[in-house]
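Because the structure is predicted, anything quoted here is derived from the model rather than measured. Hydrogens, waters and symmetry mates are skipped; everything else that's a heavy atom, side chains included, is used.
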Amino acid sequence: MFLPTLASLFFLSLATVRASPCVAFDTNWNLLAFGLNGKDWNAGTQDTWSSSTAATDITASNRPPFDTANTTCYLSQYANAIYAINADSKNPSSLYIYDATAKSWSMQAVDAGTFDYTSFGAILDHDTNVFYALSQGNLFSLDMGLLKAANNTPLNWINDEQVPYPSDYVPVMALAQNHIHFLDVPNVPAGSADIFVIHYSYFQPQAQAYPLSNGSAFPATYGKVTSFFQADNTVQQEFAFIPADSSATYIINVETNTTQALIGPTTKDSEATYFAGVTALVQLTSNGAVSYLPYLEGNTNTNVAATWASVSNLATAAPPSSSSSSSGSSGNASSSQSASSPSNTAASGATLGASVQYSIFITCVLCLVAFVV
């Protein structure tokens with residue numbers, strides 16, 4: 001009779017607790033959740049999220065294992081494709097493509113060059129379908145063309161230029177009107193953002209202010225960002241900023257240069273990630289719980305009265321774990337989450353410690369079962 005070794009059981013159990021899920025929308029505004037409880041799910045459109053009927057299992061072959069700590073997912077609105085970065089620990093430089101129309105996965109080879117997958121923030125530009133990423137003090141680009149499936153020619157991260165920020169700046173990057181907005185930049189006041197103009201490839205010399213109607217400002221602090229898409233497939237005009245303490249949800253409009261302050265997430269989780277569609281801002285917490293805040297562009301009275309709610313059909317299909325685990329990052333064509341947030345050093349250590357303890361426990365149980373059998 002074959003008896004598994006302690007080491008093999010340990011690494012098997014460790015792998016099960018390092019899953020890194022992400023959420024994204026397709027262009028029909030179905031909410032997709034990848035890597036939740038080891039599977040992929042379609043929660044449907046916003047009007048179905050409160051259903052007690054489980055979300056649809058869309059797990060397909062050739063999918064990534066979502067087994068790293070920093071998976072990021074992005075929607076290409078023109079291609080109706082989801083791009084997943086850092087989704088496969090055995091192929092760390094590769095990028096996975098989910099064709100949301102064909103419901104199929106493929107893996108695209110990428111030459112990373114000097115790009116650091118362990119430390120970056122990125123956005124996917126709406127009009128050009130080019131990734132722009134800040135990594136180790138340099139701005140990189142990766143041209144996706146209009147890929148809906150991988151091809152045989154490797155793509156390349158291009159080191160475009162050095163950014164005017166200190167080496168310890170952790171990027172908080174959002175996209176709106178084909179401009180990258182950098183928040184929490186040293187020496188930039190609260191309520192303002194540095195701006196990189198994509199089509200002209202230059203940093204504006206002065207920061208842009210986005211005040212609230214009462215004269216206050218969103219804080220100069222690290223947080224998560226994601227941009228709201230437009231139903232007519234035009235460029236984004238607004239993005240959400242959620243500080244790490246989840247104290248509020250700030251919606252910045254780059255057309256009016258103003259900010260709305262809305263209720264913060266019910267679950268206060270500095271490791272949570274976010275993805276916005278057209279009429280909803282979605283939160284994925286570090287234990288796999290998914291909730292959303294309804295949002296209507298231009299309707300301030302409705303927005304300030306809105307509250308966060310659970311995506312019930314996802315909770316039915318993939319119940320959240322009772323303890324925190326490393327969450328992935330979700331981005332879209334207008335959002336990013338840094339692969340190394342300021343809190344990640346301590347949080348990752350705590351998470352890793354908890355994971356190891358849990359793995360040891362599972363290993364012991366498996367060993368007992370194996371020997372009894």
Would you say His126 and Gln77 are linked by a side-chain donor-acceptor pair, where the criterion is simply a distance under 3.5 Å? yes
Nearest non-hydrogen partners of Pro211 and Asn257, listed with the distance: CD-O, 3.3 Å
Nearest 0.5 Å please: distance from the OG atom of Ser93 over to the CG atom of Asn156. 11.0 Å
Taking atom types as modelled and ignoring hydrogens, do the side chains of Asn91 and Ser94 form a donor-acceptor contact shorter than 3.5 angstrom? no
Pair Asp269, Ser286: side-chain N/O donor-acceptor within cut-off below 3.5 Å: yes
If you draw a 6.0 Å radius around CG in Asn152, do more than 12 non-hydrogen atoms from other residues or ligands fall strictly inside? no
Nearest heavy-atom contact between Ala112 and Tyr117 is CB-CE1, 3.5 Å
Heavy-atom closest pair, residues Ala261 and Leu212: CB-CD2, 3.5 Å
Hydrophobic clustering (ILVMFWY, side-chain heavy atoms < 4.5 Å, transitive) - are Phe131 and Ile158 grouped together? no
Pair Asn303, Thr300: side-chain N/O donor-acceptor within cut-off below 3.5 Å: no
Is a donor from one side chain sitting under 3.5 angstrom from an acceptor on the other, for Ser76 and Asn129? yes
Using a 3.5 Å cut-off and no angle test, enumerate the donor-acceptor pairs between side-chain atoms of residues 240-255 and protein atoms at least two apart in sequence or in another chain.
residue, atom, partner, partner atom, Å
Asp245, OD1, Ser247, N, 3.0
Asp245, OD1, Ser247, OG, 2.8
Thr249, OG1, Ile263, O, 2.8
Asn253, OD1, Glu255, N, 2.7
Asn253, OD1, Thr256, N, 3.0
Asn253, OD1, Thr256, OG1, 3.4
Asn253, ND2, Glu238, OE2, 3.1
Glu255, OE2, Gln177, NE2, 2.5

What verdict does the side chain to side chain contact (heavy atoms under 4.5 Å, CB included) test give for Val278 and Gln230, after you've listed the backbone C-alpha separation in whole Å, the side-chain angles of each residue and the deciding distance to 0.1 Å? CA-CA 6 Å; Val278 176; Gln230 298 291 312; over 6 Å; no
Between Phe218 and Tyr210, is the ring-ring contact (aromatic ring centres under 6.0 Å, His included) condition met? List the steps. CA-CA 8 Å; Phe218 59 80; Tyr210 299 100; 7.0 Å; no
Do Tyr132 and Leu124 come close enough that some side-chain heavy atom pair is under 4.5 Å? no
Nearest heavy-atom approach of Gln136 to Ser119 is NE2-CB, 3.8 Å
If we ignore hydrogens and angles and just use 3.5 Å, is the side chain of Ser20 paired with the main-chain N or O of Thr68 as donor and acceptor? yes
What distance do Asn86 atom CG and Thr118 atom OG1 have between them, rounded to the nearest 0.5 Å? 8.5 Å
Apply side chain to side chain contact (heavy atoms under 4.5 Å, CB included) to residues Asp111 and Trp157 and explain how you reach the verdict. CA-CA 6 Å; Asp111 183 352; Trp157 280 107; over 6 Å; no
Glu161 side chain near Asn138 side chain, heavy-atom distance below 4.5 Å: no
Given the rule in the side chain to side chain contact (heavy atoms under 4.5 Å, CB included) test, do Ile97 and Leu95 qualify, once you have shown the distances and angles that lead to the verdict? CA-CA 7 Å; Ile97 303 174; Leu95 180 150; 3.6 Å; yes
Are side-chain N/O atoms of Asp67 and Ser89 paired as donor and acceptor at under 3.5 Å? yes
Just checking, is any N or O donor in the side chain of Asn151 or Thr153 under 3.5 Å from an acceptor N or O on the other one? no
Answer yes or no: is there a side-chain heavy-atom contact under 4.5 Å between Leu183 and Tyr222? no
Of Val110, Thr72, Asn70, which meets side-chain contact (heavy atoms from CB on, under 4.5 Å) against Ile85? Thr72
How about Gln204 and His179: do any of their side-chain heavy atoms sit closer than 4.5 Å? yes
Under the ring pair (Phe, Tyr, Trp, His ring centres under 6.0 Å) test, which residues partner Phe203, sequence neighbours left out? Tyr165, Phe182, Phe196
Member of Trp29, Phe239, Tyr295 meeting the ring pair (Phe, Tyr, Trp, His ring centres under 6.0 Å) criterion with Phe228: Tyr295
Looking at Asn233, I'd like to know if its CG atom is crowded, meaning that more than 12 non-hydrogen atoms belonging to other residues, nucleotides or ligands lie closer than 6.0 Å. yes
May I ask you to list the residues sharing a hydrophobic cluster with Leu146, side-chain cutoff 4.5 Å, ordered by chain and number? Tyr78
May I ask you to decide if the ring planes of Trp105 and Phe34 are parallel, tilted or perpendicular, using 30° and 60° as cut-offs? perpendicular
Value for CG (Leu281) from CD (Gln283), rounded to nearest 0.5 Å, stands at 8.5 Å
d(Asp88 CG, Met107 CE) to nearest 0.5 Å is 7.0 Å
Expected output: side-chain Thr316 to main-chain Thr53 donor-acceptor under 3.5 Å: no
On the 0 to 90° scale, with breaks at 30° and 60°, tag the Phe275-Phe229 ring pair as parallel, tilted or perpendicular. parallel
Asp125 versus Leu175: any side-chain heavy-atom pair under 4.5 Å? yes
Say you draw a straight line from CD1 of Ile58 to OG of Ser104; how long is it, rounded to the nearest 0.5 Å? 11.0 Å
Output the distance between atom CG (Leu155) and atom CG (Leu142), rounded to the nearest 0.5 Å. 5.5 Å
Residue pair Gln237 / Glu297: nearest heavy atoms and the distance that separates them: OE1-OE2, 3.1 Å
Under a 4.5 Å cut-off applied to non-hydrogen side-chain atoms, are Phe115 and Ser135 in contact? yes
Which residue pairs pass the salt bridge (Lys or Arg N to Asp or Glu O under 4.0 Å) test with at least one member in residues 131-149, sequence neighbours excluded? Asp99-Lys148
Distance-only, no hydrogens or angles: does the Lys268 side chain make a donor-acceptor pair with backbone N or O of Pro265 under 3.5 Å? yes
Can you find a heavy atom in the side chain of Tyr98 that is under 4.5 Å from one in the side chain of Leu75? no
Sequence neighbours excluded, the answer for side-chain contact (heavy atoms from CB on, under 4.5 Å) partners of Asp26 is Asn28, Asn30, Leu32, Asn80, Ala100
Counting C-beta onward and ignoring hydrogens, is there a side-chain heavy-atom pair between Cys22 and Ile82 closer than 4.5 Å? no
On a heavy-atom basis, the closest approach of Ala43 and Leu314 is CB-CG, 3.8 Å
Main-chain N/O of Thr45 paired with Thr48 side-chain donor or acceptor, under 3.5 Å: yes
Return yes if some donor-acceptor pair links the side-chain N/O of Ser291 with the main-chain N/O of Trp308 below 3.5 Å, else return no. no
Contacts of Asp40 meeting side chain to side chain donor-acceptor pair (under 3.5 Å) (sequence neighbours excluded), chain-then-number -> Arg63
When you measure from the side chain of Trp41 to the backbone of Leu36, do you find a donor-acceptor pair of N or O atoms at a distance under 3.5 Å? yes
Could you go through Tyr74 and Tyr83, starting from their C-alpha distance and side-chain angles, then the distance that decides it, and tell me whether this counts as ring-ring contact (aromatic ring centres under 6.0 Å, His included)? CA-CA 5 Å; Tyr74 307 80; Tyr83 302 144; 8.1 Å; no
